[in-house]
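Computed over heavy atoms, backbone and side chain alike; hydrogens, waters and symmetry mates excluded. A note on names: the letters A, B, ... follow the listed sequences, proteins ahead of strands, and every chain is numbered from 1.
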Amino acid sequence: MTKQPISLEAVLQQEMGLTSFRIGQKEIISDILRGQDVLGILPTGSGKSLCYELPARILQGKVLVVSPLISLMMDQVKRLKAKQFKAAVAINSFMDFPTRKAIIERLDTYKLIFVSPEQLQSQSFINRLLQINIDLFVIDEAHCISQWGHEFRPDYQRLGPIITALDNPVVLALTATATNYVQRDILTSLNRPDIQKHIYPMDRENIAISIQHVEKEDDKNQVIASYLSARPVPTLIYFTSRMMTEEVASRLLNQFPHRRIAYYHGGMDQVDRISIQQQFMNDQIDIVCCTSAFGMGIDKSNIRLVIHYHFPYQMEAYIQEAGRAGRDGQDSVSLILYSKADEILPRRIIQQELPSEQVVSAAFQILKNYAEQGISIPHSSEEIETIFQMNEVQWRFFYYQLEKHDIIVNNAILFHHETWTDAYRQIQSFIQERIQLKENKLQSMLQWVNETVCLRQTLYSVFQPTYKQPTGQCCSNCGFELNKWNPSINSIEKIFYDSWEESLRSKLLIGAEYETK
Amino acid sequence: MLFNGIILTCTEVIKDTRSSSAIYHLLTGKKGIQTVHDARLFELERFYGIYPGLDKKIFTDRMDDLTTEGYLIRSKQADHSYLLSPFGKDWLIHHQAGLPFDDYNGFSYSKMDNEFYQGILLLIQTYTNSYKQHFSFIPLIDNRDVTQSIKAIYRVHKKISDAKMLEGLYDELHHVLRKTNPLAAKLFVDRLTGYKDYGLSISQLAIAYDLSKEDVQLFLVAVVHLFITEVKQNKLPILSQLLQYCSMETSFITASAEKTNAMMQLGMTIEEIAERRKLKQNTIYDHIVEMALIDSDFSIKPYVSEHEFQAIESAVHTCKSLKLKTIKKAVDHQISYFQIRLSLTRIHLSKSDERREVHDKTTDFT
Ligand SMILES: Nc1ncnc2c1ncn2[C@@H]1O[C@H](COP(=O)(O)OP(=O)(O)OP(=O)(O)O)[C@@H](O)[C@H]1O
Ligand SMILES: [Mg+2]
Ligand SMILES: [Zn+2]
C-alpha cells in the first residue's frame, strides 16, 4: 500500500494537532496501513473515528465510511471541515439531486467519503466508486449489521457483496458494543473470517449507574424534576415514543421556564434537527428529550446526565445511549426510571416489527397469483399496506427475504414450486427465530433492571470478563446517592430580550464591544 | 390562528365548488394546470405554494377541527367540500387585520423564497462568525447554491469590514421588520443564527410563543415574502444581491424555457431547437406549456390554430373533463397532446360548468 511515513505520532501531531494516541488507536491504524482487515471494539467516546480519519490523510486512495445515521455523518463532516479538513463529504438522500450529482461527479477530489448504506445500493454509484480507487472500506457502528440488520437495515446486511464488487479494499468494522454472537454475525455477513480483532474493555469507569423503580409514570416526572432542580447539568432524556418527547419537554418547560429544554426525534425536519443538535453541542440547550434517533455517535464532551424514561430493549442500545455521558472523562450519571408497566409496550413492538405467520402465509398466496397472472408488485406503500397487510418496516424485511430466496429478482416474481415451499418454511422459521432472539434480549434487559447485585458487574459481564474500578460512585445497588454527586455546574439561564430590535442587535453583534455580557 | 385564517379565507371564496384538497394543493403549490387555474380563478395567487411541506394529515385534521369548532360547515352538495359558517365569517372579519395576508405573494415568490431565506440565515451566520474571527463554525445550511451565493457576496465585499457589513445588514433587516407583523418579526429574529448563538427551531418557537408549528411556519413565510417585496421596491443593497443570486438559481427551468422561447422567436422549429440544445422534443413542449401557464400574455397561436382551439374547447365542455386522455379521444386525431395541454392553459370554464364538474364523480382533474 503506502510507505509508512516518519511515525504515526508525528502525523497525529501534524495533521490533527493531537499529542498522543488513545488506547487501541495506534494498533488499529498500523494494521490497516499494513493492509490488514480489522474489527475494532472500543468503548463509546474513545475515539473510533480517528481510526479512519487519520488513515484518510495518509493513504493514497480514498476512504469510504458507511454510517447509519444521516445527521451523524453530516455533523462529522461539518466538524472535520471546521477543523480544516476540507476533503470530507457526506452523500445522502436528503441532498437535492443537483447537489448530489455535482458531488458524485467530483468524487475524486475527496479523501474521506461518508455514505448511507442505501446509497450503496445504487449500481451506478458503485461504478463511480470503482473509478476512484477505494483503499479503505469502513463500517461505523458495525453492530447495526446484527442488532438491527435483519429488521430495519437490510441494506447494512448487503455490505459483504458490495465490498467484493469494489475489488476488496481493506475493511475496518467499528463498534462500541458487540457480544461474541454479534461479532460472529459481523464476520459472517462481511465474509471476513480472518479479520484481525482488536477488542478492548468497553466499560466506562466515569459513569455511575442508577436504576430507580417507580410505581407510575407521574413518579418519573417527579424524579426527573428533583434531579433537574438539584443538578442542573447538560442532560439527555431518552424515550421510546416520539410523542412522549414532545409531551415531557413541554411539561418540563412549564415547570422550569428558565431552563433551556428542547426535544428531538426522527419525525422532525432536517433543518430543525441540525439546529437542535447544534444548540445542544453549543451549550445553548441543556436538556434534550429525545428518541434513539439522537444518540449513536453524538459527541458532546460535557453531558453529565443521561436519563432513560423508558428502558431500551437491548443492553447494547443502553450502553450506546448511556455512553453519551461524560466523554470528557468527568464523573457522570446514567439514570434508568423503571415501572412495571413499561414492560408491556416493548413486547408488542417486537411482535409488530416482523410480519405474523398468517400475514406471511397470505402474502405467499397473493404472490403466487401475481406470478401466474403476470401482475407486477405494486409500488406505493399504501397499496402494499392494503394488499399485503404489512407496514413499511415489515414489507422491507419481507421483500429482502424474498430476494434472498430468489423469489424476487430485479423486481419480478419468479415462481418455482419447490423453491417456494422451501423458502416459505425458512422465512417462517427465521421470523420466529428473530422474535425469540429479541425477546431473549429484552428478557436479559429486564433481568438486569431488576438485579440486586452490582449493576456494573452484571452489565459488563455479558461482554467481557472484568471491568475497571469506577472513578466516582459505582451504582444504585452499591449505594449510589444523588447528594454525593457533585458535577461542576455552569447553568446558564435563558436571556430574555424586551424587543426584537434589541435581540436583533445582539444577534448581529451591533455595539458588541460596549456590551458587558 | 394564521393557518386557520388562511384556510377560512380560501374557503370563503372557493366555497363548495371544489373539494378541500384544492386548498391543500394551493398551499403546497402543486404544479398542475388545475391548481394554477384555481389560484387565478379564485384570486388566491398570493397563497400559492406558501407551505410546500404541509402534511396532508395535518391539513385534513385541521379542516375537521375547524368544522367541529363551528368555523366551517360541511357542504351538503358535494363531498369533502366546506362552506364558511357565519361564526367563521365573523372570526375572519375580526382577525383579518392582525394577520399578514397581504404580505404573501406565493405565485411569484414561492420558487425562490426558501433559498432566499436560507441565504439570509447563512449570510448572518457567516458575517457574525467572521467578525469574531471564528472561521471554523458549522454552517446551518448545506444547500450548495446557497453556499455559493454567500461566498460570492462575501468575496464582492472583501474590502468592507465585517462590522460595517453587519451594520448594513442590521439596517436592511430593521427596515423590513418594522413594517411586518410584530409577532412575525420576533419569530424571524429568534430563528436567526449568529456567533455561537444558534437560532430556535420551528418547534421551539412554537413552544416559546404558544403557537402551532404551522402558524410559525406561515408567519415566517409571510416575513420572507415581505422581504422580497421590499427588496424589489427599495434599494437594500446587500439583500438585493442575495435575491439576484437566488432568482438566478431557482428560475433555472424558466430560464431554460425562456431560451427556448428566444430561439422560437428567431424562427427555429421545435425540432431544430431540440437538436441544437440537445434536449428531447418533449422537454421543449414542456417549456412552452410552462410559459403559457405562467404568462397569460403568452400567445399560443403559433402552436394551436383558432380552429383547433375551438375543437378542444368544445370537447372540454361536452366531456366535462380536463383529463388529457378523454379530450384526446373526443377530438380529431391530428390534434396532439401538446396542443391540448397548451389549450387548457387558456380555457376558462364558466361557473356553472365547474359546479357540474365537481358533482360529476367521473371527472378527475389531473
Ligand atoms: N488521540 C486522541 N486524543 C485526544 N482526543 C481524541 C483522540 N482521539 C479521539 N479524540 C476525541 O474523542 C472524542 C470522541 O471520539 P469519537 O466520536 O470518535 O468516539 P467514538 O469512539 O466514535 O464514540 P461512539 O461509540 O460514541 O461513536 C472526539 O471529540 C475526538 O476528537
Ligand atoms: Mg463513533
Ligand atoms: Zn456497583
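Rounded to the nearest 0.5 Å, atoms CE (M268(A)) and CD1 (I202(B)) are 10.0 Å apart. Annotation: the span from F188(B) atom CZ to L504(A) atom CG amounts to 8.5 Å, rounded to 0.5 Å. Taken from CG in D197(B) to OG in S506(A), the straight-line distance is 6.5 Å, to the nearest 0.5 Å. Interatomic distance, L200(B) CG to Q284(A) CD, rounded to the nearest 0.5 Å: 8.0 Å.
Scanning all heavy atoms of the two residues, the minimum distance from S275(A) to G199(B) falls at OG-O, 3.5 Å. Among all heavy-atom pairs drawn from Q204(B) and A262(A), the shortest one is NE2-CB, 3.6 Å. Residues Y263(A) and S203(B) share a closest heavy-atom pair of OH-CB, 2.9 Å.
For K56(B), the NZ atom sits in a packed shell: over 12 heavy atoms of surrounding residues, nucleotides or ligands are nearer than 6.0 Å. A 6.0 Å sphere centred on NZ of K86(A) holds more than 12 heavy atoms belonging to other residues, nucleotides or ligands. When the shell of 6.0 Å around NE2 of H157(B) is examined, it contains more than 12 heavy atoms from other residues, nucleotides or ligands.
Residues D190(B) and S503(A) meet the side-chain proximity criterion, which asks for heavy atoms closer than 4.5 Å. For the pair D162(B)/L509(A), no side-chain contact is recorded, criterion being any heavy-atom separation below 4.5 Å from C-beta on.
Using non-hydrogen atoms only and a strict 4.5 Å limit, the part of residues 168-179 of chain B facing chain A consists of L169(B), Y170(B), L173(B), H174(B), L177(B), R178(B).
Of the two parts of E501(A), the backbone and the side chain both hold a non-hydrogen atom closer than 4.5 Å to a non-hydrogen atom of chain B.
With hydrogens and angles disregarded, no donor-acceptor distance shorter than 3.5 Å links the side chain of K196(B) to the backbone of N282(A). No donor-acceptor pair closer than 3.5 Å links the side chain of K186(B) to the backbone N or O of S499(A). For E167(B) (side chain) and I510(A) (main-chain N/O), no donor-acceptor pair under 3.5 Å exists by modelled atom type.
Partners of E246(A) by salt bridge (charged side-chain N to carboxylate O under 4.0 Å, His left out), not counting sequence neighbours, listed by chain and number: K213(B). E105(A) pairs by the salt bridge (charged side-chain N to carboxylate O under 4.0 Å, His left out) definition with K101(A), not counting sequence neighbours.
Within the structure, salt bridge (Lys or Arg N to Asp or Glu O under 4.0 Å) contacts touching residues 147-158 of chain B (residues at least two apart or in different chains) do not occur.
None of Q277(A), Q279(A), M281(A) except one satisfies the side chain to side chain contact (heavy atoms under 4.5 Å, CB included) rule with Y198(B); the exception is Q279(A).
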